[in-house]
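Structure first, commentary second.
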Amino acid sequence: MTGVLKAARDLANSKRVAFLVVIQPSVIDLTTNYTISYQDFAEYPEYRGTNLTSAVEHICLQNHISHVNLFDTFLRHYPETLFFKGGDNHWNDAGQDIAAQETPTYISENIFNSIKRKTDTQR
């Protein structure tokens, strides 16, 4: 994953395009909506629901890649209501709405402001 994210970042940089990784939490780590869930891993003391999202976030931090980790956001918004149930592990409309609110907020507060600061200092 490190190589993929670094290559994507470098390509975006070479094209002078802002690059953002949106880290989607797994339905398994937040809900009981899927055929397996975090409850199935209760016997493993090392298991944390954030293991997957934190790993990607760590890669982003180490490599100066802008990112939005939606785990905590989904956790605060009743995650059982944000994913389809049964065999479908995708976000439902409510989950997509939450991501669609959080992501542009990050872009506005971090990426656009960073570009504006760079432009202002170049003047």
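Across T73 and H77, no two heavy atoms sit closer than the pair O-ND1, 2.7 Å. Residue E102 comes nearest to L70 through the heavy atom pair CG-CD2, 3.6 Å, listed as atom of the first residue, atom of the second, then distance. Closest approach of K6 and I65 over heavy atoms only: N-CD1, 4.3 Å.
Residue Y78 qualifies as open at atom OH: its count of foreign heavy atoms under 6.0 Å is 12 or below.
Using modelled atom types, one side-chain atom of N92 and one backbone atom of T81 make a donor-acceptor pair closer than 3.5 Å. When atom types are taken as modelled, the side chain of R9 and the backbone of N63 share a donor-acceptor pair closer than 3.5 angstrom.
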Item to check | Verdict with supporting geometry, D29 and Y47, side-chain hydrogen bond (donor to acceptor under 3.5 Å, both in side chains) | outcome: CA-CA 10 Å; D29 292 330; Y47 171 79; 2.4 Å; yes
Next on the checklist: With side chain to side chain contact (heavy atoms under 4.5 Å, CB included) as the criterion, how do D88 and F83 come out once you've worked through the C-alpha distance, each side chain's angles and the decisive distance to 0.1 Å?
Outcome noted: CA-CA 8 Å; D88 190 341; F83 295 88; over 6 Å; no
Next on the checklist: Evaluate F41 against I36 for side chain to side chain contact (heavy atoms under 4.5 Å, CB included), listing each step before the verdict.
Outcome noted: CA-CA 9 Å; F41 304 113; I36 60 172; 4.2 Å; yes
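Atoms CD and CG, on Q24 and L30 in that order, are 10.0 Å from each other to the nearest 0.5 Å. Taken from NE2 in H67 to CG in L61, the straight-line distance is 4.0 Å, to the nearest 0.5 Å. Note: I23 CD1 to F71 CZ = 12.0 Å, rounded to the nearest 0.5 Å. Put simply, CG on L75 and OG1 on T53 are 10.0 Å apart, with the number rounded to the nearest 0.5 Å.
Under the 4.5 Å side-chain heavy-atom criterion for Ile, Leu, Val, Met, Phe, Trp and Tyr, V68 and V21 are members of distinct hydrophobic clusters. Linking ILVMFWY residues whenever their side-chain heavy atoms come closer than 4.5 Å, directly or via other members, places F74 and Y106 in the same cluster. Cluster annotation: V4 and V17 are assigned to distinct hydrophobic clusters (Ile/Leu/Val/Met/Phe/Trp/Tyr, side-chain heavy-atom contacts under 4.5 Å, transitive). Put simply, V22 and M1 are part of two different groups of oily side chains (I, L, V, M, F, W, Y) that touch within less than 4.5 Å, one to the next.
Proximity of V27 to W91: side-chain heavy atoms (C-beta onward) are nowhere separated by under 4.5 Å.
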